[in-house]
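Have a look at the structure below before the remarks.
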Amino acid sequence: MFNKRVKVKDLLASEPTGQEVIVMGWVRGFRNNQFIAINDGSTNNNIQVVAELGTFDEAILKRLTQSASVKVTGTLIASQGKGQKVEVKATTIEILGDCDPEKYPLQLRNRPSLEYLREIAHLRFRTQTFGSVFRVRHALAFAVHKFYNEKGFVYMHTPIVTASDAEGAGEMFRVTTLPMDNPPRNEDGSINFKEDFFGRSTNLTVSGQLEGELAAMAFSEIYTFGPTFRAENSNTARHLAEFWMIEPEMAFYDLEDNMNLAEEFIKYLIRHVMENNREDLDFLAQRLAEEEKQLPQDKRSEMGLIEKLEFVLNNNFERITYTEAIDILLNSPAYKKKKFQYEVKWGIDMQSEHERYLVEKHFKKPVIVTNYPKDIKAFYMRQNDDGKTVAAMDILAPGIGEIVGGSQREERLDKLTQRMEEMHIPVEEMWWFLDTRRYGTVPHAGFGLGFERMVLFVTGMTNIRDVIAFPRTPKNAEF
RNA sequence: GGAUGAUUAGCUCAGUGGUAGAGCGUGCCCCUGUUAAGGGCAGGGUCGAAAGUUCGAAUCUUUCAUCAUCCGCCA
């Protein structure tokens with residue numbers, strides 16, 4: 001019976017009246033042969049257990065190594081030391097699982113680097129940094145559902161295995177049960193997918209949007225929140241081959257409604273974490289500040305993590321059109337001093353350096369860019385009356401880049417099919433998608449928010465591989 | 001996919017052609033109300049791999065591998 005244990009977080013908040021308590025957790029430190037710091041993941045703080053000298057077997061004390069698991073019974077008393085209010089005076093100490101310090105690869109006192117911790121991702125949750133990151137990640141995921149539930153959105157589970165690659169969002173992972181060394185062939189030598197499990201070629205999903213649109217055409221407002229897969233050979237601190245995405249899709253929404261929802265959503269997530277995970281955020285803020293001390297002055301952030309989050313909460317996102325964005329770039333000192341590596345002119349797909357200039361130098365806050373040229377955006381985005389642009393919107397965040405991509409969708413069947421043909425999208429295969437435009441079509445809109453990018457922004461971590469438990473990136477799927 | 005850089009002890013790193021180093025961790029001893037506890041002693045590396053240049057290579061050259069950063073693709 002283990003349920004009598006008190007979590008460390010609750011112990012630390014308790015009044016020390018000498019009550020009997022049971023603590024279980026992992027040893028974080030053992031000082032002076034008397035003071036055991038125990039952590040159970042409920043908080044970054046440890047409970048100090050005092051094993052009075054001479055009262056415990058040397059053989060037991062020797063086994064109190066870092067990350068050994070223990071069960072301690074004792075009394076909760078006010079601490080005589082300065083570092084903590086309460087401590088547990090141990091009456092019994094039981095080792096649940098030993099941890100051989102000569103072999104254990106995670107010695108916290110060594111200040112292991114984030115890169116090294118990625119190599120031992122199965123153990124890195126036992127550090128303060130990853131403890132905080134993943135408690136915050138949990139809180140953000142919970143807040144996603146809370147936000148949409150409060151608004152009456154329906155949570156749709158869109159399929160992971162799909163046959164369509166219509167969005168063209170990227171290279172796809174193939175799903176098949178055909179034998180790799182000897183697949184069935186057609187007469188022309190191509191692989192015969194009619195003999196495959198689904199009787200056709202299938203892939204892992206790159207987006208739940210198209211299916212989401214189908215559901216929105218009945219429930220009015222839905223959202224998806226699930227894993228997404230892109231087989232791009234992307235080697236950056238912002239891309240994963242497997243990542244989680246939130247995709248709301250709303251009938252009776254135009255582009256402005258869409259932007260309003262996205263901004264409210266992001267602020268809701270930040271507020272939720274500020275109110276519920278302050279301790280973890282404070283730790284992460286301190287971690288970030290220490291990391292930035294190593295950087296040259298001009299590369300450090302102007303604001304601390306907490307300051308940055310408060311700033312985002314208290315200010316409206318800047319909203320500009322693509323055309324205005326290009327004008328700002330063309331009139332910028334950076335452009336005049338030829339600081340940009342890539343050309344700036346109307347019609348370009350803005351490069352990272354351009355987006356960063358707008359967000360980090362010019363506006364210094366999140367920016368929503370709208371009405372992009374149609375030629376650089378997806379087929380389903382609603383065509384504006386100017387014939388040149390579509391009702392798209394991207395939200396760019398400082399340090400992260402694109403965190404949201406969305407649009408008002410093209411609800412007019414003729415405009416949509418025309419655009420699909422121009423972009424060589426197989427219209428016949430998409431009959432089910434086009435049916436929504438045939439039968440009771442309505443103006444609607446939606447967006448995708450990259451969950452890990454949101455976690456990056458909130459935690460101040462700089463590499464996306466450090467905000468997902470077991471990152472999937474090119475040449476990496478060890479755990 | 002492209003560019004740049006890195007790879008030396010368990011970890012973090014120093015070592016630019018002449019016998020392989022530090023801090024931390026680890027082990028043993030001492031101390032005992034500590035807070036990254038303190039003091040002492042000890043063990044620990046064919047310098048990412050292969051080939052080459054050289055009397056001699058961690059150090060120079062080539063190829064490969066892995067990692068990081070930036071770019072492209074996007075969320």
Side-chain angles (χ1 to χ4, degrees), chain A residues 28-37 45-54 61-62 65-66 77 79-84 87 89 99-120 127-128 167-171 206-209 225-247 262 294-295 299 341-342 349-356 376-378 394-397 400-406 447-457 462-468 473-476 478:
Chain A
R28 279 279 169 92
F30 186 30
R31 286 184 296 272
N32 231 348
N33 226 22
Q34 286 179 80
F35 305 102
I36 316 161
N45 299 315
N46 306 320
I47 184 78
Q48 171 158 292
V49 169
V50 184
E52 213 173 313
L53 283 175
L61 298 181
K62 278 242 184 280
T65 57
Q66 194 165 125
I77 58 172
S79 177
Q80 295 173 41
K82 281 182 185 160
Q84 56 284 317
E87 63 191 20
K89 189 180 174 189
C99 183
D100 182 348
E102 288 203 72
K103 291 182 182 152
Y104 186 57
L106 176 61
Q107 293 298 338
L108 298 173
R109 295 269 308 282
N110 282 335
R111 304 267 156 146
S113 65
L114 294 172
E115 290 82 8
Y116 173 68
L117 291 170
R118 261 170 238 153
E119 293 172 22
I120 51 168
T127 65
Q128 292 194 99
E167 197 189 350
E171 289 294 310
V206 293
S207 163
Q209 180 197 316
F225 183 9
T228 307
F229 307 88
R230 308 243 170 119
E232 298 287 346
N233 190 11
S234 296
N235 294 292
T236 79
R238 307 184 306 282
H239 290 84
L240 290 164
E242 176 182 295
F243 65 99
W244 288 64
M245 187 155 62
I246 297 131
E247 295 179 287
Q294 326 245 333
L295 297 175
K299 295 218 170 162
Q341 193 188 336
Y342 292 91
D349 202 353
M350 278 189 280
Q351 304 287 318
S352 280
E353 60 174 355
H354 304 139
E355 296 181 346
R356 293 181 73 122
I376 58 171
K377 287 293 182 183
D394 284 0
I395 302 185
L396 311 175
I400 312 285
E402 188 176 340
I403 192 165
V404 162
F447 62 84
L449 178 135
F451 186 58
E452 282 77 16
R453 288 189 181 174
M454 188 67 204
V455 181
L456 269 185
F457 185 73
T462 47
N463 192 311
I464 203 164
R465 298 172 184 105
D466 296 329
V467 297
I468 187 165
T473 51
K475 305 266 184 279
N476 189 355
E478 175 73 21

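Nearest to the side chain of A:Arg238, among B:A37, B:U66, B:C74, sits B:C74. Listed nucleotides B:U34, B:G1, B:A68 differ in distance to A:Asn235; the shortest reach to its side chain belongs to B:G1. Side-chain proximity of A:Glu87 to the nucleotides B:G33, B:A75, B:C73 is greatest for B:G33. In the set B:G25, B:U34, B:G1, B:G25 carries the atom at the smallest distance from any side-chain atom of A:Gln107. Which of B:G38, B:U69, B:G33 sits closest to the side chain of A:Arg109 comes down to B:G38. Closest to the A:Glu102 side chain, of the nucleotides B:A68, B:U26, B:C11, is B:U26. Comparing B:U26, B:A75, B:G1 against the side chain of A:Phe243 picks out B:A75 as the nearest. Of the candidate nucleotides B:G27, B:C71, B:A37, B:G27 has the atom nearest to the side chain of A:Pro101. The side chain of A:Asn32 lies closest to B:U32 when the candidates are B:U32, B:C71, B:A75. Of the candidate nucleotides B:U34, B:C70, B:C73, B:U34 has the atom nearest to the side chain of A:Gln84.
Separation of the C1' atoms belonging to B:C13 and B:G18 is 24 Å when rounded to the nearest angstrom. The separation of B:U46 from B:G10, taken at their P atoms, amounts to 8 Å, rounded to a whole angstrom. When the P atom is compared between B:A3 and B:C64, the two are found 12 Å apart, to the nearest whole Å. For the C1' atom pair drawn from B:G23 and B:U59, the interatomic distance equals 23 Å after rounding to whole Å. Comparing B:G45 with B:C11, their C1' atoms are spaced 14 Å from each other, to the whole Å. Between B:G5 and B:C74, the distance separating the two C1' atoms is 26 Å to the nearest Å. Across the C1' atoms, B:A57 and B:G52 are found 11 Å apart, a figure rounded to whole Å. Using P as the reference atom, B:G40 and B:G56 are 44 Å apart when rounded to the nearest Å.
For B:C71, the OP1/OP2 oxygens have no side-chain nitrogen or oxygen of A:Gln351 closer than 4.0 Å. For A:Arg31 and B:A37, the shortest distance from a side-chain N or O to OP1 or OP2 is below 4.0 Å. Side-chain nitrogen and oxygen atoms of A:Arg111 include none within less than 4.0 Å of the OP1 or OP2 phosphate oxygen of B:G23. Between B:C74 and A:Thr236, no contact under 4.0 Å exists linking OP1 or OP2 to a side-chain N or O. Proximity of A:Ser113 to the phosphate of B:U12: a side-chain N or O atom is located under 4.0 Å from OP1 or OP2.
Note on A:Ile403: only backbone sugar-phosphate atoms sit closer than 4.0 angstrom, heavy atoms only; bases stay farther off. Within 4.0 Å (heavy atoms only), A:Ser234 reaches at least one base atom of the nucleic acid. As judged by a 4.0 angstrom heavy-atom cut-off over every strand, A:Arg465 is placed among residues touching the sugar-phosphate backbone only. Across all strands shown, A:Gly81 has heavy atoms under 4.0 Å from base atoms, whether or not it also approaches the sugar-phosphate. Within 4.0 Å (heavy atoms only), A:Thr228 reaches no atom of the nucleic acid at all. Using a 4.0 Å heavy-atom distance criterion, A:Lys475 is classed as a sugar-phosphate-only contact. Using a 4.0 Å heavy-atom criterion, one finds that A:Phe30 contacts no nucleic acid atom at all. If you check every strand for non-hydrogen atoms under 4.0 Å, A:Gln80 touches a base. The residue A:Leu108 sits apart from the nucleic acid: no heavy atom pair falls under 4.0 Å. Residue A:Glu119 is classed as having no contact, given no heavy-atom separation below 4.0 Å to the nucleic acid.
Rounded to whole Å, the distance from CG on A:Asp349 to P on B:G72 is 9 Å. Rounded to whole Å, the distance from CD on A:Gln128 to P on B:U35 is 17 Å. For A:Ile376 and B:C74, the CD1 to P distance is 9 Å, given to the nearest whole Å. In this entry the distance linking CD of A:Glu115 with P of B:U12 reads 8 Å, nearest Å.
Residue order along RNA chain B, read from the 5' end via each residue's closest nucleotide, puts A:Asn463 first among A:Glu402 and A:Asn463. Comparing A:Thr462 and A:His239 by the nucleotide of RNA chain B that holds the closest heavy atom to each, the one mapping nearer the 5' end is A:Thr462.
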Check against side chain to side chain contact (heavy atoms under 4.5 Å, CB included), A:Phe243 and A:Arg453 | CA-CA 9 Å; A:Phe243 65 99; A:Arg453 288 189 181 174; over 6 Å; no
Could you go step by step and tell me if A:Trp244 and A:Thr228 meet the side chain to side chain contact (heavy atoms under 4.5 Å, CB included) rule?
-> CA-CA 6 Å; A:Trp244 288 64; A:Thr228 307; over 6 Å; no
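Base-pair partner of B:A58: not found among the strands shown (Watson-Crick or G-U wobble, both distances under 3.5 Å). Using Watson-Crick or G-U wobble geometry with both donor-acceptor distances under 3.5 Å, B:A75 finds no partner in any strand shown. When Watson-Crick and G-U wobble pairs are counted only if both distances are under 3.5 Å, B:A20 pairs with no nucleotide at all. Figure legend. B:C67 is base-paired to B:G5; pairs are counted as Watson-Crick or G-U wobble with both atom distances under 3.5 Å. With a cut-off of 3.5 Å on both Watson-Crick or G-U wobble distances, the partner of B:U26 is given as B:A42.
When each of A:Ile400, A:Thr236, A:Leu240 is tested with A:Ile464 by the rule side chain to side chain contact (heavy atoms under 4.5 Å, CB included), just one qualifies, namely A:Leu240.
Within 6.0 Å of NZ on A:Lys377 lie more than 12 heavy atoms contributed by other residues, nucleotides or ligands.
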